[in-house]
> 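The structure is given below, and queries will be raised subsequently.
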Amino acid sequence: MEQTLVLVKPDGVQRGLIGEVISRLERRGLRLVAAKFMNVDKGLAETHYAIHKGKPFYEGLISYITSAPVMAMVWEGPNAVAAVRQTMGATRPTEAAPGTLRHDFALEVGRNLTHASDEPANAEKEVALWFKKDELVAWKREVDRWIFEK
Ligand code: DAT
Ligand code: MG
């Protein structure tokens, strides 16, 4: 089953939106695999956002993600990466579709509430970066067969 990393970033945590994010992913039918509430140190932030190193917003991004606790999670399901990105909405909240989290709860790209892996290969790397293997919980729900076709 495809897995993806989700972070409720410091703005989402401070604004009391952890529950809103979890609720939307649960209601979508995705299955929670792991969760931890944590501070992000500079090393983890820099590895996570290595692809953005050198961009004008990079320093701000690192200080934003390390400024206060985040809720880190792994969710799984068929096409979990694409499904979660769709539920989050476009990176810039003013370009995010109505009904998405970033549309409904954010205004600025530098305060866009969540992170979600952008493709399956990156999702695998990000899950491994944020979670140890034994922190991932393999489980099934009675309702799975009504949500997952196979
Ligand atoms: P996403 O978080 O949708 O995957 P991304 O990987 O392109 O977006 O960028 C990572 C984060 O960096 C994004 O959530 C917010 C910040 N960011 C991206 N582009 C930015 C910009 N032009 N100005 C300020 N912050 C930006
Ligand atoms: Mg990204």
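Remember, it's 1-based here, ligands and their atoms both numbered in the order they're listed. This structure is a prediction, so every number in the text was calculated from the model and none was measured.
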> Among side-chain atoms of Glu126 and His115, is any donor-acceptor pair under 3.5 angstrom?
yes
> May I have the step-by-step check of salt bridge (charged side-chain N to carboxylate O under 4.0 Å, His left out) for Asp144 and Lys150, ending in yes or no?
CA-CA 9 Å; Asp144 280 344; Lys150 293 189 186 86; over 6 Å; no
> Using side-chain heavy atoms (C-beta onward) and a distance below 4.5 Å, is Val143 in contact with Ile147?
yes
> When you look for protein heavy atoms under 4.0 Å from ligand 1, which residues do they belong to?
Lys9, Tyr49, His52, Phe57, Leu61, Arg85, Thr91, Arg92, Arg102, Val109, Asn112
> List the steps and the verdict of side chain to side chain contact (heavy atoms under 4.5 Å, CB included) for Arg24 and Leu101.
CA-CA 9 Å; Arg24 286 180 180 223; Leu101 274 160; 3.5 Å; yes
> Between side-chain atoms of residues 33-42 and protein atoms elsewhere (two or more places apart, or another chain), which donor-acceptor pairs fall under 3.5 Å?
{"residue": "Lys36", "atom": "NZ", "partner": "Trp130", "partner atom": "O", "Å": "2.8"}
{"residue": "Lys36", "atom": "NZ", "partner": "Glu135", "partner atom": "OE1", "Å": "3.0"}
{"residue": "Lys36", "atom": "NZ", "partner": "Glu135", "partner atom": "OE2", "Å": "3.4"}
{"residue": "Asp41", "atom": "OD1", "partner": "Gly43", "partner atom": "N", "Å": "3.2"}
{"residue": "Asp41", "atom": "OD1", "partner": "Leu44", "partner atom": "N", "Å": "2.8"}
{"residue": "Lys42", "atom": "NZ", "partner": "Glu46", "partner atom": "OE2", "Å": "3.1"}

> Take atom CD in Glu124; do more than 12 heavy atoms of anything else shown fall under 6.0 Å from it?
no
